Chemist: 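Got a structure for you, written out below as structure tokens; questions coming shortly.
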Amino acid sequence: MLRFKKAFALMTAGCMLLSTAACGSSAETETETETAAETAETEAVEGSYSIGIIKQMDHVALNSSEEGFVQALADNGLVDGENLTIDYENGQGDVNNLSTIADQFVADDVDLIFAVATNAAQAAAGKTTTIPIIGTAITSYTEASLVDTDEVPGGNVTGTTDMNPVEDQIALIKEVCPDVETVGFLYCSNEANSILQVEMATAACEEAGFATVEQTVSSTNEVQQATQNIVTNCDAIYIPTDNVFASSMPIVNEVAVAAGIPVFCGESGMVQSGGFATLGITYYSIGYQAGLMAVDVLVNGADPAEMPIQGSSEFEYCFNGDTADALGIEIPEKYADAVYYADEAADAEAAE
């Protein structure tokens with residue numbers, strides 16, 4: 001029987017600089033290792049700094065990117081409680097909360113704002129054009145009207161993107177569940193990043209020969225009903241890196257498993273929370289990259305207007321073994337190192 005191992009199978013595709021104009025295309029840039037070496041070269045950090053972290057909501061992916069960001073700062077001499085003050089704020093999925101948080105950061109005149117997810121970045125960008133804003137977990141900065149272009153942002157906002165290998169994710173459906181004929185999309189209609197990914201997924205499904213249906217929500221309150229509606233019309237579900245659904249995966253899992261429908265997700269945190277499978281980005285990694293960019297701005301004086309949006313160089317396969325067992329799906333042996341079991345993960349965490 002396949003068992004979870006800590007190291008997921010990684011698929012390296014070269015560090016991507018994503019451009020919305022060429023939906024899903026990429027150009028080669030520095031690797032993350034080179035970026036870390038070159039953008040964070042500081043012998044010692046002088047002075048003290050303040051950072052306001054505005055996070056759209058709590059869920060595994062966004063929390064992981066926040067952790068990566070803070071670790072990158074610490075690895076480069078910026079330590080909270082020593083020469084750095086971090087104000088952690090969570091909007092709890094409410095745009096009004098995000099607006100209030102952004103107002104407070106501007107009033108406090110923080111040195112930099114770290115915005116986790118699209119709505120958080122939009123709230124911050126709507127309040128200041130002078131305080132540097134580093135974003136992460138944002139699929140398209142141009143679609144969200146945060147920058148002029150990914151290559152030359154042109155203002156006070158830059159950061160890292162969570163754009164996924166959408167075509168490869170759809171190909172994974174065909175590989176693992178070859179009998180699927182119709183793919184159902186679940187996403188929040190208020191999230192620009194989700195709309196963009198579904199557009200890409202629709203094209204990929206058409207190319208793969210899948211029919212598609214979709215169901216949208218505007219809040220977490222609608223997730224259960226939307227999932228119940230779509231499972232009667234599809235053979236598999238695809239959910240992009242959508243914040244509303246990422247925070248509601250246990251609900252989706254309960255409905256989908258009861259209906260015998262596998263759920264393919266945008267990233268591994270969603271799979272660990274109840275989805276079936278993904279080939280996705282690592283949110284810790286893009287959070288860490290964003291942290292390196294913040295170091296470059298605060299310590300080295302880099303200008304966000306001239307710092308290109310950075311994409312991930314690492315993608316990971318992840319399969320939920322518990323969900324696979326419940327659905328009666330056999331995971332191909334080649335993905336043995338990418339299988340997650342909740343009990344084994346809990347045991348491993350307790351042993352650390």
Side-chain angles (χ1 to χ4, degrees), residues 6-8 10 12-17 29-55 58-90 105 110-117 120-121 124 131-138 153 156-162 267-269 280-304 306-316 348-349 352:
K6 283 187 179 179
F8 288 121
L10 295 179
T12 302
C15 190
M16 296 185 296
L17 179 65
T29 62
E30 298 170 322
T31 65
E32 286 176 86
T33 302
E34 292 168 340
T35 302
E38 294 179 11
T39 64
E41 287 182 352
T42 54
E43 292 183 1
V45 175
E46 297 181 357
S48 60
Y49 303 89
S50 61
I51 294 178
I53 296 182
I54 178 171
K55 184 168 61 176
D58 267 327
H59 61 69
V60 174
L62 300 191
N63 295 345
S64 181
S65 63
E66 181 181 71
E67 292 167 6
F69 177 82
V70 174
Q71 188 61 55
L73 298 177
D75 288 347
N76 289 278
L78 291 172
V79 181
D80 189 22
E82 295 181 10
N83 58 354
L84 176 66
T85 300
I86 300 179
D87 184 357
Y88 297 85
E89 298 292 344
N90 176 7
F105 287 166
V110 296
D111 295 314
L112 182 141
I113 295 173
F114 176 50
V116 187
I131 297 175
I133 299 170
I134 303 294
T136 197
I138 298 166
N156 63 320
V157 181
T158 188
T160 57
T161 173
D162 65 356
E267 53 89 24
S268 61
I281 64 168
T282 64
Y283 273 83
Y284 184 92
S285 175
I286 62 171
Y288 195 96
Q289 282 179 264
L292 296 178
M293 297 176 78
V295 171
D296 208 14
V297 170
L298 292 174
V299 181
N300 301 330
D303 182 359
E306 300 175 356
M307 300 174 70
I309 303 301
Q310 295 184 20
S312 180
S313 64
E314 294 181 343
F315 303 105
E316 64 183 11
E349 184 176 348
E352 291 180 350

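Model, not experiment: these values are computed from the prediction.
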Chemist: With respect to Leu298, which candidate in Ile134, Leu112, Asn76 satisfies the side-chain contact (heavy atoms from CB on, under 4.5 Å) definition?
Modeler: Leu112

Chemist: Report yes or no: does Ser64 contribute a side-chain atom to a donor-acceptor pair with the main-chain N or O of Tyr284 at less than 3.5 Å?
Modeler: yes

Chemist: May I ask you to decide if Ile138's main-chain N or O and Thr161's side chain share a donor-acceptor pair within less than 3.5 Å?
Modeler: yes

Chemist: For side chain to side chain contact (heavy atoms under 4.5 Å, CB included), just list the numbers for Leu78 and Tyr49, CA-CA rounded to whole Å, side-chain angles, deciding distance to a tenth of an Å, and then say yes or no.
Modeler: CA-CA 8 Å; Leu78 291 172; Tyr49 303 89; 3.5 Å; yes

Chemist: Does Asn156 reach the main-chain N or O of Ile131 with its side chain, forming a donor-acceptor pair under 3.5 Å?
Modeler: yes

Chemist: If I compare all heavy atoms of Ile133 with all of Ala115, which pair ends up nearest, and what's the gap?
Modeler: CG2-CB, 4.2 Å

Chemist: Treating Thr136 as the side-chain partner and Val116 as the backbone partner, does any N or O pair qualify as donor plus acceptor under 3.5 Å?
Modeler: no

Chemist: So, does Asp296 use its side chain to make a donor-acceptor pair with the main chain of Leu292 at under 3.5 Å?
Modeler: no

Chemist: Looking only at atom types and distance, does a side-chain atom of Asp111 sit under 3.5 Å from a main-chain N or O of Ser50, one as donor and one as acceptor?
Modeler: yes

Chemist: Got Tyr88 and Val70 here, is their nearest side-chain heavy-atom distance under 4.5 Å?
Modeler: yes

Chemist: As an exercise, state the distance from CG of Asp162 to OH of Tyr283, rounded to the nearest 0.5 Å.
Modeler: 3.5 Å

Chemist: Quick one: side-chain hydrogen bond (donor to acceptor under 3.5 Å, both in side chains) partners of Ser65, sequence neighbours excluded?
Modeler: none

Chemist: Between Thr160 and Gln289, is the side chain to side chain donor-acceptor pair (under 3.5 Å) condition met? List the steps.
Modeler: CA-CA 7 Å; Thr160 57; Gln289 282 179 264; 5.9 Å; no

Chemist: Strictly distance-based, threshold 3.5 Å: is any side-chain N or O of Asn83 a donor or acceptor partner for the main-chain N or O of Gly77?
Modeler: yes

Chemist: Mind checking whether Ile281 and Phe315 have side chains closer than 4.5 Å, heavy atoms only?
Modeler: yes

Chemist: Decide yes or no for Leu73 and Val295: does some side-chain heavy atom of the first lie under 4.5 Å from some side-chain heavy atom of the second?
Modeler: yes

Chemist: May I have all residue pairs that pass salt bridge (charged side-chain N to carboxylate O under 4.0 Å, His left out) and include part of residues 65-76, sequence neighbours excluded?
Modeler: Lys55-Glu66

Chemist: With sequence neighbours excluded, give me every salt bridge (charged side-chain N to carboxylate O under 4.0 Å, His left out) pair touching residues 79-89.
Modeler: none

Chemist: Closest heavy-atom contact between Ala290 and Gly135?
Modeler: CB-O, 4.1 Å

Chemist: So, for Met307 and Ala302, which heavy atoms are closest and what is the spacing to 0.1 Å?
Modeler: SD-CB, 3.8 Å

Chemist: Mind running side chain to side chain contact (heavy atoms under 4.5 Å, CB included) on Thr158 and Val297 for me, showing each step along the way?
Modeler: CA-CA 10 Å; Thr158 188; Val297 170; 5.6 Å; no

